[in-house]
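All remarks here apply to the structure that follows.
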4 protein chains.
Amino acid sequence: MLGPNQYGKEVIRVVRVTRDGARHGLKDLTVGLTLAGDLERTYLTGDNGGVLPTDSMKNTVYAFAAQPGIGEIEDFGLGLARHFVSSQSIVGRATVRIEEHLWTRIHAEAGGDHAFVRSGAELRTAEVTYDGASTTVRSGLRDLVLLKSTGSEFRGYVRDRYTTLPETDDRVLATAVDASWLHLIADEPAGGWAQSYREARRHLVETFAELYSRSLQQTLYAMGDRLLANRPEIGEVRLSLPNRHHLLVDLSPFGLKNDNEVFHATDRPYGLIEGTVVRAPQAGRREDS
Amino acid sequence: MLGPNQYGKEVIRVVRVTRDGARHGLKDLTVGLTLAGDLERTYLTGDNGGVLPTDSMKNTVYAFAAQPGIGEIEDFGLGLARHFVSSQSIVGRATVRIEEHLWTRIHAEAGGDHAFVRSGAELRTAEVTYDGASTTVRSGLRDLVLLKSTGSEFRGYVRDRYTTLPETDDRVLATAVDASWLHLIADEPAGGWAQSYREARRHLVETFAELYSRSLQQTLYAMGDRLLANRPEIGEVRLSLPNRHHLLVDLSPFGLKNDNEVFHATDRPYGLIEGTVVRAPQAGRREDS
Amino acid sequence: MLGPNQYGKEVIRVVRVTRDGARHGLKDLTVGLTLAGDLERTYLTGDNGGVLPTDSMKNTVYAFAAQPGIGEIEDFGLGLARHFVSSQSIVGRATVRIEEHLWTRIHAEAGGDHAFVRSGAELRTAEVTYDGASTTVRSGLRDLVLLKSTGSEFRGYVRDRYTTLPETDDRVLATAVDASWLHLIADEPAGGWAQSYREARRHLVETFAELYSRSLQQTLYAMGDRLLANRPEIGEVRLSLPNRHHLLVDLSPFGLKNDNEVFHATDRPYGLIEGTVVRAPQAGRREDS
Amino acid sequence: MLGPNQYGKEVIRVVRVTRDGARHGLKDLTVGLTLAGDLERTYLTGDNGGVLPTDSMKNTVYAFAAQPGIGEIEDFGLGLARHFVSSQSIVGRATVRIEEHLWTRIHAEAGGDHAFVRSGAELRTAEVTYDGASTTVRSGLRDLVLLKSTGSEFRGYVRDRYTTLPETDDRVLATAVDASWLHLIADEPAGGWAQSYREARRHLVETFAELYSRSLQQTLYAMGDRLLANRPEIGEVRLSLPNRHHLLVDLSPFGLKNDNEVFHATDRPYGLIEGTVVRAPQAGRREDS
């Protein structure tokens, strides 16, 4: 018997230039689409009568990028998700995942107004789901790499027979933030999607910088808590924080001391801390748009 | 408020040599561990009194690799999952994910019995979860790359205003199988874990090769269906099959025809087909060990 | 017979925190070391009497990061290169390759002065070679991703029987700059290594933005030429510029036009343009330090 | 002034099915092309009158894959390299680099003769250069991952003030072989390119397995030496061998001993041993075809 199933297109790379102002605008996205619905026939018999090709999904992304255009990624996702469900009777649920690659305009002395430099590895993200009745919008970011060189300790933990880790009251704490937050209402918030994103990002970054951290778990919770406290449009925050261990190098064989100054930055193995911070029940639940 | 949360250690690379026979044995694993339980204190206050360091988890993997040793990865996972739940009162659920890198012994003319060549990118996998009461064992594989140069078509699909894909009655079908299957009972099956894995893999590969495919969805279902039909120890199969598109190159500008002979192998965007095949209800549910 | 040979350690990840000011400093490097010399014995007989272990090389990087510290990467490379040649009689030539991962200090409202956010994928680089007599210092950068949405054409090229590319008088031009430049003298230039790097980077970026480009080759040459014209300390510039093709999407099947607005950003295959720009002979040759 | 320069197309993915026998054949290649010549005009002025677009180079690969077909990769490279130099007056030198992805036919019980499973990450390679007068053919392989669990030591090395590595008389030795060898004559050797490759690979693998290794350098030289001793068509072997360190885990804190049985497989930093083995002069030099 066929259980849960879905299909879609991954890694659709679309770049949209807007040429209507004095200076060009630029949007650079990677889009993933997933459709689910009454697809049993193709699985069981190979009858594709209800299957929209993933190639057509890809084409739809490019066509929508042209008309109506991309705008903010949350809106672009909403338009696509609603299109697939409303136009394909067999599709019961559409999920659109968008990663926005960020660019900064170059300010050159002698013109060159239409040139850009990629801002880094960090991505702004959106995930929109529509099932014909309710709509969910999550905004987020990925690969926001943060490090603090002090203001972090790790001690008082459980010691079992396999524990050799020394306690520390001053360590380097580094992570690559993968965060997403649920909008209580699937409509553009007051101030707009872009401002909501910028402020959310600011709260995450500042909490990491300001909080004296006793564990990466504590930092995670504080980041989500502050986001909820400051942004009423958001109902839930999911955070996944790899612990990018910076190991203090033993320099004593060389007659040198190491007062938290020289570290070996490892990439594997790594700790991974995951958690969700949600509004207390009285705060109301998200409404479907 | 804190919602769902968990933590663990990722990408623990352990290689175990067994030296008790005439020829060395070799096991090469990447292990990931995830613990969940009553961890609220560290998130809310940074009190680590209930937190087993992820460094200790890593040490445990190495210690268990020494004693009792690794054996089959399903057994290794079972031992680790049970250890964390039974030894840490605060841990309610432990999940162990293992990828086994496969090696083939080199048969050299002049000895060298203890040398190996890596078998490829394909990985054998296991995922074991224990929550104090029930145990779940999934076996699987990843990055099993398959291609058939004929015996695949794709037509009769929905055409909307964004559909440009031409129908084809003969195409290259290629994928990288990511599959896992649930054992109905979390104990070693008759014949052993290794034989169960080998046979499961054989059924997946042979189904791909033998089935005339009208869609990758149909191939997916047939692979899972045959696995369930032939292996009574298995209760459910999850498959994720990227469609590694091979695009027929238009050679007509060069005065050449292309009768399904020359293809551009693309890697992005790609279709992704996902599905679960489950036993019909009368077939019985898995029992907890 | 043994021909050219060398050995070394790759991907040494060292993070150095300086704690002597009001706010911590941070240096984050990946270092690669290569030694060459009279190493024939170990190759031919396995006699390691002249081989400094690569593990010791790694230790040396950490020890030097502690004392004298890192400073600018060119200086750090000079110290290491000279150390290996002067302390190991068998080593005839040492090459130190450094990639600096860049961080930006976080300005949080409530303190957190010692926190940083990673600036992106772009790397600042240095390569220092010392052979006992002469020293070579190359500075550079990698993964500086640039795009211009207009001001680029490609036409008038050769057409052979395999040419199908349409000419364009307005295209998106994008690349990931990999550049290095040779310092005429292996000593810190007036203004310092950091300023020299910043100015060199600025000239590369501005040339890309400002130049109306008839080919990526022309852009490459102009970037190097401007660097040489403005920075007397530099004697040669090497540039490797992948052409990150942005393909105009054909929207006509959907009844839409595409006036250079919607692009498919491909990653493979890609064009690769490489070139060196050197000072004309009268400009003098670099002197060894 | 413009110094050394070249341009080309990278990562052209071509899959060729041959359908003329009872069972289909399959060739799966990644091709890179580099042209050099009198290209100064486009660099200096953007005049593309002598520039063959990299898009046309890509088309040529697909057209040649159709007609005359691929055959062995050395021959495919020879045809392409000669084509570019002979058909483009401005091109002085063409280099063709080919990686062949290897597939194994699936032997299914119920037919499916045209299905294949990817053999792994290992690649067979060829690099052909033609400059109008002379031709060079290098065959090779990459990502051949080898490990021996005993029969390797490392001791007697230099100890400086930064050396902490303990000597070992029994270690795990692992590497990923990157090798290429020069054919003395740029024509198909007796027995054919495929047999020459298979035998070369066999000698590399067997030497690794059989040789008691005192250093990875010694292993490298022995591999090249045996290849030259057994294959008269080969004049030089280049080897690049990363040392994939397997670190013995200290289990003593857990009351366990570790007799070379449990290892942490690290990936960075890693040692890198490089060397060339050449025929002694009297053996004659390669002739140009």
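Throughout, protein chains are lettered first and strands after them, A, B, ... in sequence-line order, and every chain is numbered starting at 1.
Looking at B:F254, only its side chain comes within 4.5 Å of chain D, counting heavy atoms on both sides. Using a 4.5 Å cut-off between heavy atoms, B:L146 touches chain D through backbone and side chain atoms alike. Contacts of D:L144 with chain B are made by side-chain atoms alone, with heavy-atom separations under 4.5 Å and no backbone atom involved. Contact of B:H264 with chain D is made through backbone and side chain together, with heavy-atom distances under 4.5 Å. In this structure, chain D has heavy atoms under 4.5 Å from both the backbone and the side chain of B:V14. Interface residue B:N260: backbone and side-chain heavy atoms are both found under 4.5 Å from chain D. Contact annotation for D:L147: both backbone and side-chain heavy atoms come within less than 4.5 Å of a heavy atom of chain B. The parts of D:N59 that come within reach of chain B are both its backbone and its side chain, each placing non-hydrogen atoms under 4.5 angstrom from that chain. Looking at B:I70, there are no atoms closer than 4.5 Å to chain D (heavy atoms on both sides), in backbone or side chain.
Ranked by heavy-atom pairs under 4.5 Å with chain D, the list B:R118, B:K58, B:K148, B:H114 is led by B:H114. Contact tally against chain B (heavy-atom pairs below 4.5 Å) for D:V262, D:D28, D:L173, D:D113: the top residue is D:V262. Contacts with chain D were tallied for B:H246, B:E210, B:E122; B:E210 has the most, counting heavy-atom pairs under 4.5 Å. When each of D:Y212, D:F208, D:F116 is scored by its heavy-atom pairs under 4.5 Å with chain B, the top score falls to D:F116. Comparing D:L26, D:T266, D:L211, D:V117 by heavy-atom pairs within less than 4.5 Å of chain B, the highest count is held by D:V117. Between chain B and the residues D:H107, D:R13, D:K27, the most heavy-atom pairs under 4.5 angstrom are made by D:R13. Most heavy-atom pairs under 4.5 Å with chain D, from the set B:G151, B:A265, B:A176: that is B:A265. Most heavy-atom pairs under 4.5 Å with chain D, from the set B:S149, B:A115, B:G120, B:A121: that is B:S149.
A side chain to side chain contact (heavy atoms under 4.5 Å, CB included) with B:Y62 is found for one member of D:N258, D:L251, D:D250, D:L256 and no other, namely D:L251.
With rounding to the nearest 0.5 angstrom, the CD atom of D:E261 is 7.5 Å from the OG1 atom of B:T18.
Contact between D:I106 and B:A209 at its shortest, heavy atoms only, is CG2-CB, 4.0 Å.
Within the 4.5 Å cutoff, no side-chain heavy atoms of B:R19 are placed close to those of D:D259.
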